[in-house]
Protein chains: 2
Amino acid sequence: MAGRRTDTRERIQQVALELFAERGYDKTSLQEVAERLQITRPALYYHFRTKEEILTGVIERLVESIEELVAWGRQQPATTEARLEILRRISGLLSDQWRPLFRFAQVNQGALEHHPKGERLRGCVISLVSLLCVPGESAEKQFESRLAVLAVILGNLPLLFGSESDPETDLNEVALRVATKLVTGEQPDE
Amino acid sequence: MAGRRTDTRERIQQVALELFAERGYDKTSLQEVAERLQITRPALYYHFRTKEEILTGVIERLVESIEELVAWGRQQPATTEARLEILRRISGLLSDQWRPLFRFAQVNQGALEHHPKGERLRGCVISLVSLLCVPGESAEKQFESRLAVLAVILGNLPLLFGSESDPETDLNEVALRVATKLVTGEQPDE
DNA sequence: GTCTATACTCGGATAGAC
DNA sequence: GTCTATCCGAGTATAGAC
């Protein structure tokens, strides 16, 4: 897993992620990918056997980064403070490194669903959303735990939750406060 | 807007909705649509000038049904009871008539984003999600109002919120209770 | 007014030359 | 490791049959 002479493979994946996130998987032609890399279309087929295999690579990166966070989150204690820390961590990643990956996931939701690796991706997204659930709890508490994670995620997608009235507010902040309330069971603390 | 002698046009839209919801817009070929209708591919072009125009028809149905609900919801009083009634109504529609339409919207999120009519669809989905917002309220309250609607919607997408531990629970019921709490500001009433 | 036959273009994919 | 040539399938356009 080392000593690759050129970096073409990685560059393809990077350009593909960009284009897939912008225009969507299906609407992105390999022609465009090749052009942006200054190579010809069939040249791509040296590095990947199929267009879908390029997708696979991008999905794997997404899956790995989520699984990493889930693994970390699982070995945190079940205290309220630790759970809030998990929420903050998710929010931080989303507004930073994860942004393009999540944009990609959102735009290509349909393509991901029919992809071989889609099952695994779905599984780890569920793990992420369920990270704050405690096994013994009631169905309602579990739903609230998941909703809290979702709230933080949605706080990073202004499209749906942008408040027309006052666009100044930091949506992330608001989402985090609402998620906190959901997890702690209402505690306005102000 | 009446007196069409054959129903081919409607049948195309119906079959298209089915296939788009199943396999996704891009992965559905006009060949498949035509085959399922027992006509030839070019015959579709008599009724619709392009594949995208078929999509447009499906989107319009979706938009209309949402706008209808939003219009009704907007003329409800701002009382707590009325807001809960709105949530119940959304939940009811989702688990019934809207199910295929929402599955379609979910699978084809990417395609919808790049469609001319996508803007309008997005707008009316935002209206739907914001239906319980009251203009003067704090950003937090508004976020919670939107989250309540989302919760009800998510309660109908078992994929993400299914509880492994006890799959017997009616997710809709749970979602509705959680949404109620969000709207009324915590009131366990049990 | 409704559909079929045919043909064109473009994008994904393969084989083989350099 | 990349390019040329080529194939195939899908969206699209048009002519014309009924």
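Chain letters run A, B, ... following the sequence lines, proteins first and then strands; every chain starts at 1.
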Inset, instruction - In whole angstrom, give the distance that lies between atom CZ of Phe48(A) and atom C1' of dG11(C). - result: 19 Å
Inset, instruction - Answer yes or no: is there a side-chain heavy-atom contact under 4.5 Å between Ser29(B) and Arg41(B)? - result: no
Legend entry - Side-chain N or O of His47(B) closer than 4.0 Å to phosphate OP1/OP2 of dG1(C): no
Legend entry - Value in whole Å for how far the C1' atom of dC3(C) lies from CD1 of Ile12(B): 11 Å
Legend entry - Between C1' of dG11(C) and CG of Leu19(A), the distance in whole Å: 15 Å
Inset, instruction - Provide, to the nearest angstrom, the distance between the CG atom belonging to Leu44(A) and the P atom belonging to dG12(C). - result: 10 Å
Legend entry - Spacing between Arg9(B) atom CZ and dC3(C) atom P, to the nearest angstrom: 12 Å
Legend entry - Between the first and last five pairs of the helix from dG1(C)-dC18(D) to dC18(C)-dG1(D), the angle of the axes, rounded to 10 degrees: 10°
Legend entry - Distance-only side-chain donor-acceptor flag, Glu113(A) / Gln109(A), under 3.5 Å: no
Inset, instruction - May I have all residue pairs that pass ring pair (Phe, Tyr, Trp, His ring centres under 6.0 Å) and include part of residues 81-103 of chain B, sequence neighbours excluded? - result: Trp98(B)-Phe102(B)
Inset, instruction - To the nearest 0.5 Å, tell me how far Leu93(A) CG sits from Leu69(A) CG. - result: 6.0 Å
Legend entry - Presence of Thr8(A) side-chain N/O under 4.0 Å of dG1(D) phosphate oxygens OP1/OP2: no
Legend entry - Side-chain N or O of Thr40(A) closer than 4.0 Å to phosphate OP1/OP2 of dT2(D): no
Legend entry - Residues Lys27(A) and Glu32(A) bridged, charged N to O under 4.0 Å: no
Inset, instruction - Quick one: sort the Phe143(B) and Phe161(A) rings into parallel, tilted or perpendicular, breaks at 30° and 60°. - result: tilted
Inset, instruction - In plain terms, say whether Glu81(B) and Arg88(B) are close enough for a salt bridge, that is, a side-chain N and a carboxylate O under 4.0 Å apart. - result: yes
Inset, instruction - Round to a whole Å and report the spacing from CZ of Arg11(A) to C1' of dT2(D). - result: 13 Å
Inset, instruction - Count the heavy atoms belonging to other residues, nucleotides or ligands that lie under 6.0 Å from CD of Glu68(A), then report whether that count exceeds 12. - result: no
Inset, instruction - Identify whether the distance between the nearest side-chain nitrogen and carboxylate oxygen of Glu64(A) and Arg61(A) falls below 4.0 Å. - result: no
Legend entry - N/O (side chain, Tyr46(A)) to phosphate O (OP1/OP2, dG1(D)) under 4.0 Å: yes
Can you pull every protein N or O that's under 3.5 Å from an N or O on nucleotides 11-17 of chain D?
residue: dG11(D); atom: OP1; partner: Thr28(B); partner atom: O; Å: 3.4
residue: dG11(D); atom: OP1; partner: Lys51(B); partner atom: NZ; Å: 3.1
residue: dG11(D); atom: OP2; partner: Leu30(B); partner atom: N; Å: 2.9
residue: dG11(D); atom: N7; partner: Arg41(B); partner atom: NH1; Å: 2.8
residue: dT12(D); atom: OP1; partner: Thr50(B); partner atom: OG1; Å: 3.3
residue: dT12(D); atom: OP2; partner: Tyr45(B); partner atom: OH; Å: 2.8
residue: dT12(D); atom: OP2; partner: Lys51(B); partner atom: N; Å: 2.9
residue: dT12(D); atom: O5'; partner: Tyr45(B); partner atom: OH; Å: 3.3

